[in-house]
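Residue numbers start from 1 in every chain, and the chains themselves are labelled A, B, ... in the order their sequence lines are given, proteins ahead of strands. It should be emphasised that the depicted structure is a prediction, and the values quoted were computed from it without experimental measurement.
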Amino acid sequence: MENSTKNVLIVGVGGQGAILASNILSEVAMASGFDVKKNEAHGQSQRGGTVPSHVRFGRRVYSPVIGIGEADVVLAFEELEGLRFSHFLRRDGRLILNRQRIYPARVTSGIDRYPEDVASMLREDGIEVVDVDALGVADRLGNPLVVSTVLLGVLSNYLDFSARRWKGVIRKVVPEKHRKINLDAFEAGRVLLRNG
Amino acid sequence: MRRIMLGNEAIARGAYEAGVRVAVGYPGTPSSEIMEFLGRFDEIYSEWSVNEKVAMDVAIGASLGGVRAIVVMKHAGLNVASDPFYPICFMGVNGGLVLVSSDDVGAVSSPTEQDTRIYARLFHIPMLEPSDSQEAKDFTALAYRVSERFDTPVFLRTTNGVSHSMGVVRLGKRRETRLPAFEKTSPKFRPQGGVHPTVMHENAHRRLKRLEAFANRTRINRIEWGDRRVGIVSSASPYQSVKEILPEASFLKLGFTYPLPEALIREFAAQVKELYVVEELEPFIEDQIKAMGLQVRGQDLRSHGGPLSKEALRDGLAEVLRKLGKKRVRPRASQPGAIARFPTLCAGCLHLAVYYAIRRLQRGMKDREIVIMGDIGCYSLGIAAPHNMLSCAFAMGSGIGAAHGFSRAINGDRNKAILAYIGDSTFLHAGMPALLDAVYNQSSITVVIADNRTTAMTGGQEHAGTGVTLKGERHPPVHIVEICKALGVEDVHEVDPYDFERTLEALRQAIEFDGVSVVIPIQACRMFPKKLKEKPYRVLSDLCTGCGQCLNLYCPAIIVSDEKTAKGRQKAAIDPFLCVGCSFCAQICPVDAITCE
Ligand code: SF4
Ligand code: SF4
């Protein structure tokens, strides 16, 4: 074993909230006593580009970047991005895939084709895929913007932090008026799979 | 107290704790957030200067005035600032002076990938390179002690791997520093009249000797003994990557990377069987170690370009890994179906409208070819397909000078119309002198100054034309139209780019004008400083003839729908989430099929 560091790669498209989600995860890890490092893309990625955010925690973390084949979990906010970063997973890693599609310019302008069924493609490749409709859940809660908190709820099932710790951090970083809906979104994400 | 901080935030915090009083810079990825964080401290005067040279001048003035000052920029900005910086490196400082330059390794948001470490050698000044957020804070504070003790500006160099990474940082308290008295006639800042430049040069070399002695004993250069079969010299973020894949090796971790600690390097090299240097971009450390006459490997195992990923490291050090008995796990291959997602101009962006108008003008002008010399900003996203608008983009403000030179090269050939395309912030940064040059030297070009009321490419910073300072204070903004007139431009057109007909007409007149003409399309950026969104437009599917006019605008909100016309053409549709309601597409639809009712 190379080291005992846990690696979570959060990927999405600019504007989806992947960065905020990775900030919350980092805070949860630090509050739990771990060393934390994180790396994210800035600059042009904001113009509708790919946004990968690497979060690593453990006793002592060196590099902030997760290498290919090192991620314990890839949390994908968008299908194509899930496909793009799937090889970052360890052999026994798991991909949480939000069933949402955002078409790149090369698809809308007819140059490229968006891949048909990402979840099946990845499963055929032997990857354990947990696919969820977080946007649907967020819509039902009344605000499509809480997708990222729903996805954190799903993610929380695969990491060893207590729900109390997660909620404590969410309470701290989310502004007062959005607090309740985000806590509900987190809870909805947590139980999403159990209810099928 | 411990906090998770971005490397850039940690640098700002380090400057704060070191008692810095003046902070200046110009935005540029990956350095921009440093100034934004510095701006939040009441104790620090901070400003966005109009360009990096001016920022450097201001910081130097602050240092002469006896306070600790920091000046912040990206690699390309250091090229601009090098003019005043070079002499001051030989003269010395009064209050501590620290230059932070961030290299965009991987050229994520730059026209070039540049290794500014080489400047440390050229400037004869010490360089510190942190490898994570904690070090970013600590080294910034240390840089001020070195600056004042050795009477030199100090270079703090970071890369994206540190600037845009976060790590846990322990906070300290601010320490106010005692001001060295300002001496009005200090000979050291007055070459020729005071210390002669040749003497300064000599002094700089003597100073380097003393700095090297310091480098040999500072704690930020340290040996970490492990397996002595393999000794690795490394610094900055590459240190973290190699430490992770080969924790059992022996390391010489360098934080103070110029001048190099020769004695320490020799001591380390003598006790390991094989010596390696792990660094990114240029073989900066490696070449110097080789010049010491030591056997070392490095550059032959890696590429010059791009960030040094763990995969590249594992490939480069495959032999070493094998020797130390480490097995390589073969990771999965990447998925072939993962098509690229490139950054694009935003829905409703003014550049889309202006580019479209230029293309339409070109179509109507069979006898003249429009050639556009580009510049640095969001509009450089228009270099790529499907836009293919700009013939070049290389440095801030250079498009105007290049257009002038190009027009001279074709020597009055009426078959070409030469345009320069530049943004507001870039114009104020380095476009003004170039425009003056073109006017003074009787050029015949058209300059488009697309004014989106912000510095968008780097995240929406304020500038002299917005009337807001880094500290959020409001002052009367400068007017670009008036500047152009004052510089002697006789033909100036101010237009709303969302008004298609007027924009087209202004461009047509400007191109016909014999001499320097300027067109200024003004519309606020859709993204910064805040996201602008109005009611979305939609396509009336019954009326759409599938002519594709609106698709030629390349607005990301306009997509091809699944519906077809009787003739089998695909109709257009608008994504209501992306559309910001700029109305431009409605104006260009020939059958009025786009509406916002
Ligand atoms: S950030 Fe602003 S200027 Fe840049 S592409 Fe988007 S709308 Fe245009
Ligand atoms: S109105 Fe038309 S051009 Fe403007 S943002 Fe919407 S779809 Fe794009």
Side-chain angles (χ1 to χ4, degrees), chain A residues 2-3 5 13-14 23 26-27 30 34-50 54 61-70 80-81 83-91 102-116 118 121-122 125-127 144, chain B residues 2-4 6 29-30 32-33 104 108-110 132-133 160-168 237 239-241 243-245 247 307 309-311 314 326 329-335 337-346 378 381 385-386 457-459 527 551 554 556 558-560 570 575:
Chain A
E2 217 151 61
N3 62 45
T5 303
V13 177
N23 285 345
S26 306
E27 292 287 342
M30 185 176 79
F34 288 111
D35 184 20
V36 187
K37 277 197 179 146
K38 185 188 149 190
N39 176 270
E40 60 201 28
H42 284 228
Q44 294 195 351
S45 49
Q46 286 167 317
R47 312 295 183 285
T50 297
H54 304 233
V61 183
Y62 288 104
S63 169
V65 180
I66 300 170
I68 292 172
E70 287 182 355
L80 178 57
E81 298 315 311
L83 191 66
R84 187 185 322 286
F85 290 97
S86 56
H87 62 301
F88 275 75
L89 281 172
R90 296 160 55 108
R91 288 280 163 198
I102 298 175
Y103 296 110
R106 286 172 64 89
V107 169
T108 53
S109 58
I111 304 172
D112 288 330
R113 279 185 83 85
Y114 196 96
E116 283 293 325
V118 171
M121 272 171 85
L122 292 173
D125 228 41
I127 293 176
Chain B
R2 298 193 325 151
R3 264 183 52 200
I4 297 180
L6 199 62
T29 310
S32 310
E33 299 85 3
D104 183 359
V108 182
S109 192
S110 310
D132 63 12
S133 295
N160 328 39
V162 172
S163 306
H164 288 166
S165 291
M166 289 180 158
V168 180
S237 38
Y239 161 77
Q240 305 285 6
S241 311
K243 183 79 182 174
E244 184 168 312
I245 68 166
S309 66
K310 282 190 231 165
E311 293 76 49
R314 285 196 188 98
K326 301 199 96 173
V329 217
R330 278 257 143 251
R332 291 188 178 87
S334 60
Q335 290 282 342
I339 50 174
R341 190 189 296 276
F342 296 111
T344 45
L345 292 167
C346 307
C378 282
L381 294 172
M457 189 63 155
T458 45
M527 298 301 289
L551 290 167
Y554 309 128
I558 309 180
I559 52 184
V560 186
Q570 275 184 308
D575 181 334

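- The minimum heavy-atom distance linking R314(B) with E70(A) is given by the pair NH2-OE2, 2.7 Å.
- No other option in A340(B), S309(B), P30(B) has as many heavy-atom pairs under 4.5 Å with chain A as A340(B).
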**Prompt:** Would R341(B) and V107(A) satisfy side-chain contact (heavy atoms from CB on, under 4.5 Å), going step by step from the backbone distance to the final call?
**Reply:** CA-CA 9 Å; R341(B) 190 189 296 276; V107(A) 169; over 6 Å; no
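- Both the backbone and the side chain of V168(B) come within contact range of chain A, with heavy atoms under 4.5 Å apart.
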Test side-chain contact (heavy atoms from CB on, under 4.5 Å) applied to K38(A) and I4(B), step by step: CA-CA 9 Å; K38(A) 185 188 149 190; I4(B) 297 180; 5.8 Å; no
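- Looking only at heavy-atom pairs under 4.5 Å with chain B, the residue among E81(A), M121(A), H54(A), E116(A) that has the most is E81(A).
- Only the backbone of Y103(A) comes within less than 4.5 Å of a heavy atom of chain B; no side-chain atom from C-beta onward does.
- At a 4.5 Å heavy-atom cutoff, the contact between R91(A) and chain B is made by backbone and side-chain atoms alike.
- For a residue to count as touching a neighbouring chain, one of its non-hydrogen atoms must lie under 4.5 Å from one of that chain's; by this rule D104(B) does not touch chain A.
- Between L122(A) and Q335(B), the closest side-chain pair of non-hydrogen atoms falls below 4.5 Å.
- Heavy atoms of R2(B) lying under 4.5 Å from chain A belong to its backbone as well as its side chain.
- Y62(A) OH to E244(B) CD: the interatomic distance, rounded to the nearest 0.5 Å, is 9.0 Å.
- With sequence neighbours excluded, no residue forms a side chain to side chain donor-acceptor pair (under 3.5 Å) with S133(B).
- Neither the backbone nor the side chain of L551(B) comes within less than 4.5 Å of any heavy atom of chain A.
- Smallest separation of non-hydrogen atoms from A338(B) and L80(A): CA-CD1, 3.9 Å.
- For the pair K310(B) (side chain) and V65(A) (backbone), a donor-acceptor distance under 3.5 Å is present.
- A side-chain donor-acceptor contact under 3.5 Å links E311(B) to the backbone of I68(A).
- Contact tally against chain B (heavy-atom pairs below 4.5 Å) for D35(A), D125(A), N39(A), I102(A): the top residue is N39(A).
- Contact of S237(B) with chain A is not made at all, since no heavy-atom distance falls under 4.5 Å.
- In this structure, chain B has no heavy atom under 4.5 Å from any part of V118(A).
- Using modelled atom types, one side-chain atom of R332(B) and one backbone atom of L89(A) make a donor-acceptor pair closer than 3.5 Å.
- Taking V560(B), I559(B), I339(B) one by one and counting their heavy-atom pairs under 4.5 Å with chain A, the maximum is reached by I339(B).
- Contacts between S334(B) and chain A at a heavy-atom distance below 4.5 Å involve backbone atoms as well as side-chain atoms.
- Most heavy-atom pairs under 4.5 Å with chain B, from the set S26(A), G69(A), S63(A), G67(A): that is S63(A).
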